[in-house]
Amino acid sequence: MKVKMNATHGLFSLILEPDELDILKPNEKVSLGSKMVEINLPWQLDPDTIHPDHLALCIMMITHPFVGKVLTFPKPVSQRFYDFHHSKSTRYTIGPVDETLEPWSPSENSRPGLAFSGGVDSTAALALMPPTTAAIFMDRPIRKKSLYDKDAAHHSCLEVERLGYDMHVILCDLEYVRSPVGFPVDVANSVPAVLMAEYLNLDCIGFGTIMESTYGTGHRRYRDYPNGNHYTLWGGLFKAAGLPFILPVAGISEVGTSMIVNKAPLGTLSQSCMRGTWKKPCLNCWKCFRKQLLDNAILGNQPDSNYLDDIFNNKEASLFLSRIPIKHENILTWSTHRLESEHELYKLLKERVRGAEDALDWLGKWYSPSIELMPEKYRSGVKEKILKYLSIMDLEDENKLMSWDMKDLIESDTVAQQSESLTNQMSAALKPR
Ligand SMILES: [Zn+2]
């Protein structure tokens with residue numbers, strides 16, 4: 001694939017030109033959609049000042065699933081960037097290379113950037129990062145009728161700005177490169193931040209990636225994230241471009257990030273629901289279902305029956321709850337362990353996710369070995385802030401995390417029966433909203 005660039009002050013565009021060796025349909029569900037990307041960078045930013053390695057990194061985040069053998073950039077990359085990619089022997093080669101090009105390094109007084117989404121996890125990340133952090137929100141233009149509502153996210157961004165942060169909202173349509181619409185790779189929400197790294201003098205790029213996604217606690221089993229494929233490839237490419245990852249919440253679960261936003265001054269501005277409007281989550285999606293139980297458990301609010309009737313009247317949640325394991329099942333276990341009710345559906349849920357048996361206290365604590373997922377310069381500052389909100393896991397907690405494995409649960413007949421009766425009764429009770 002060849003990628004061309006067309007850039008003036010204010011509008012930056014990329015044109016993708018696939019060849020016959022490219023992979024236009026990487027799997028059953030995903031194919032190459034739009035071949036044109038438009039990004040509204042600030043007009044003060046001269047596109048010629050974007051370092052070629054940053055440009056290349058962004059192109060890789062946009063095209064990665066679709067490239068077959070060769071990816072050709074509009075400008076040659078540095079030897080360092082090329083060598084790192086080459087050492088990872090992905091299925092394609094990149095080029096051209098300019099041996100005389102200095103790899104990028106930040107200038108004095110550089111600071112972190114954060115790919116900010118407005119949700120709980122990235123708000124918690126921002127609360128733990130230095131106050132000089134530049135928060136960059138990638139704003140997807142809405143083209144067709146969509147459930148996605150930008151109202152809440154836009155309000156969050158305005159609040160971040162009001163609290164004194166350097167906040168940037170960048171209109172960028174890269175999600176249309178993938179069909180169905182979405183990020184081609186999970187770190188692609190940082191494309192505007194990477195393109196602005198020179199302009200904003202950034203020295204690392206932050207993400208609100210939580211323990212469920214890094215160490216696998218929201219999934220079947222523990223994984224050694226720092227030595228896994230994702231971190232060595234993408235974390236390595238970012239580092240080779242002079243912009244290492246900073247993952248302040250990588251060792252914190254969704255329980256912990258919710259505890260942080262419940263206490264931090266920044267916390268009032270986060271909202272994870274992308275369908276409701278500002279301060280009015282839709283209460284009809286999977287995220288809302290999980291978050292309602294979690295927040296009540298954190299605050300120690302015991303739910304009454306009417307409230308639970310309302311929460312369980314959620315069709316999307318009934319689909320998610322029918323899976324084994326349930327996505328982020330650990331969060332439901334933690335929450336139901338702390339909430340008591342004789343509500344019929346609630347009792348079935350608590351039984352299904354083993355809420356009575358397992359307290360999972362360690363989910364509310366910080367896994368400190370994750371500090372290695374931050375540049376040294378920022379470690380002590382972030383650690384100090386984390387410890388204001390959370391306690392630290394001891395060795396026993398760490399062992400519980402590292403031995404996380406849902407295999408027995410997945411294979412259990414009892415769990416299968418419990419899942420069936422929960423989903424059947426929940427669907428039977430659904431009423432029009
Ligand atoms: Zn919702």
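The basis for the numbers below is simple: all heavy atoms, side chains too, and nothing from hydrogens, waters or symmetry mates. One-based numbering, in listed order, for ligands and for the atoms of each.
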Where at least one partner belongs to residues 406-425, residue pairs that pass side chain to side chain donor-acceptor pair (under 3.5 Å), sequence neighbours excluded
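Residue pairs with at least one partner in residues 406-425: there are none.
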For the ring pair His168 and Phe116, is the centre-to-centre distance below 6.0 Å?
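No, the ring of His168 stays outside the 6.0 Å limit from the ring of Phe116, centre to centre.
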Measure centre to centre between the rings of His54 and Phe81, then say whether the value is under 6.0 Å.
no
Looking at Asp361 and Arg338, does any basic side-chain N land under 4.0 Å from a carboxylate oxygen?
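The answer is yes: the pair qualifies as a salt bridge.
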Student check: side-chain heavy atoms of Lys291 and Pro281 closer than 4.5 Å
no
NZ (Lys25) with more than 12 external heavy atoms under 6.0 Å
yes
The protein N, O or S atoms lying under 2.8 Å from the Zn ion (ligand 1) are Cys273 SG, Cys282 SG, Cys285 SG, Cys288 SG
